Amino acid sequence: MFQENDNLYPAKPEMAAPRQSSRLTGFIISLVLAFILFIVLVPGNYLLGTEIILILLFHEAGHLIMMKYYGYKPKNVYFIPLLGAMISGTKSAVSQRERIMVNLMGPLPGIIIGCVLYLAAMNRPDQFILVELSLLLLSINIVNLLPLDPLDGGNIFELLFFPANEKLKMVYTLISSLLVIGLGVWFSFYPLIIFGFLMAFKVRAYQRSKAIHEGLEEMDINYRKSYQELSDREYWTMRRVFLENNPRIKEIIPEENVIWENERLLVDQINQLLRNRVVKDMSLIQIILAVLIVLSALILPVYLVLKNYHLVESYLGYAAV
């Protein structure tokens, strides 16, 4: 029946893959902007800015290597000035275990190396560059491992406990947004406050997507697949449901089931509505092990630094001179 209906719909538009040159250009521009902004806010400290950029690159390289290993298609790598960097990738079916490894291998290598450098600095307390590098590696990667959306720790938390529940993800993002705003106010760090408010748009996007997904489920339309896997019928049905939930956009679309001159904009919207199939392939023991690894990576480095805090005091005294 569905096969016959499929023939009644026009062929769906092809989704253009982003060019390698455009991805590289975006990465370089975001990198330069992040460095310039840091130098403006902390004038004259080029070495510190360079160290932070290199640590972020090393962090994202860990994600990228694991994505390549598991067969993901990396999409974008870009820097968020004053907040860090981000890499994204796609795969039609998402393994719970693989995604956790991808997220974990960003911060974990930096934390391990940071601990090694801090231990080395204990034997050579006059080597302040070791202390500085170790503290930067630890602080950047530990913060990234905190269980807050959209940090790596937040992604791991979602994958472990509610990998396919949109309602819980929406609530979790809202709580994370409020906590980020609170931390920004506490530390008087305005970029963090602004970022927290911007996360509220993600919550609103979840609400809209949830309403559309519920409508698609009633029509037995499977949205847990890649754009390439969508049939013509599924594309045009999703397009219609999207427009029904966005009447202002619908007003400027000439006809249903007719390619619009700016159809690529609708293709992007449909692609954002799609969700990867999450394969829950972790046993209870594996979940407990993953939780223990994350907790150890958060707690042990902090314990190491606090137990040998004299190194931090010496470094702060040196940096103030």
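Because the structure is predicted, anything quoted here is derived from the model rather than measured.
Without hydrogens or angle criteria, Ser176 side chain to Leu148 main chain gives no donor-acceptor distance under 3.5 Å. No donor-acceptor distance shorter than 3.5 angstrom exists from the side chain of Ser209 to the backbone of Leu273, with no hydrogens or angles considered. Between the side chain of Lys12 and the backbone N or O of Tyr227 there is at least one donor-acceptor pair closer than 3.5 Å. With Gln286 contributing its side chain and Ser283 its backbone, the two residues share a donor-acceptor pair below 3.5 Å. In terms of modelled atom types and a separation under 3.5 Å, the side chain of Glu229 and the main chain of Ser226 share a donor-acceptor contact. Proximity of a side-chain donor or acceptor of Tyr118 to a complementary backbone N or O of Asn308 within less than 3.5 Å is detected. Asn262 contributes no side-chain N or O that, together with a main-chain N or O of Leu265, makes up a donor-acceptor pair within less than 3.5 Å. Between the side chain of Arg264 and the backbone N or O of Glu261 there is no donor-acceptor pair closer than 3.5 Å.
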Please evaluate residues Arg97 and Val279 with respect to the criterion side chain to side chain contact (heavy atoms under 4.5 Å, CB included), reporting the C-alpha separation (whole Å), side-chain torsions for both, the decisive distance (0.1 Å), and the verdict.
CA-CA 9 Å; Arg97 183 174 61 249; Val279 180; over 6 Å; no
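Remark: Glu234 engages Lys225 in a salt bridge, criterion side-chain N to carboxylate O under 4.0 Å. A salt bridge links Arg239 with Glu263; the closest basic N to acidic carboxylate O contact falls under 4.0 Å. Ion pairing between a basic and an acidic side chain is recognised when a charged N comes within 4.0 Å of a carboxylate O; Asp149 and Lys169 show no such pairing.
Under a hydrophobic clustering in which Ile, Leu, Val, Met, Phe, Trp and Tyr are joined whenever their side-chain heavy atoms come within less than 4.5 Å, directly or via other members, Leu300 and Leu137 fall into different clusters. Tyr309 and Ile142 end up in the same hydrophobic cluster when Ile, Leu, Val, Met, Phe, Trp and Tyr side chains are linked at under 4.5 Å. Both Ile293 and Ile156 belong to a common hydrophobic cluster when Ile, Leu, Val, Met, Phe, Trp and Tyr are linked at side-chain heavy-atom distances under 4.5 angstrom.
Relative to the six-membered ring of Tyr172, Lys167 misses at least one condition, a distance below 6.0 Å or an angle of at most 45° to the axis.
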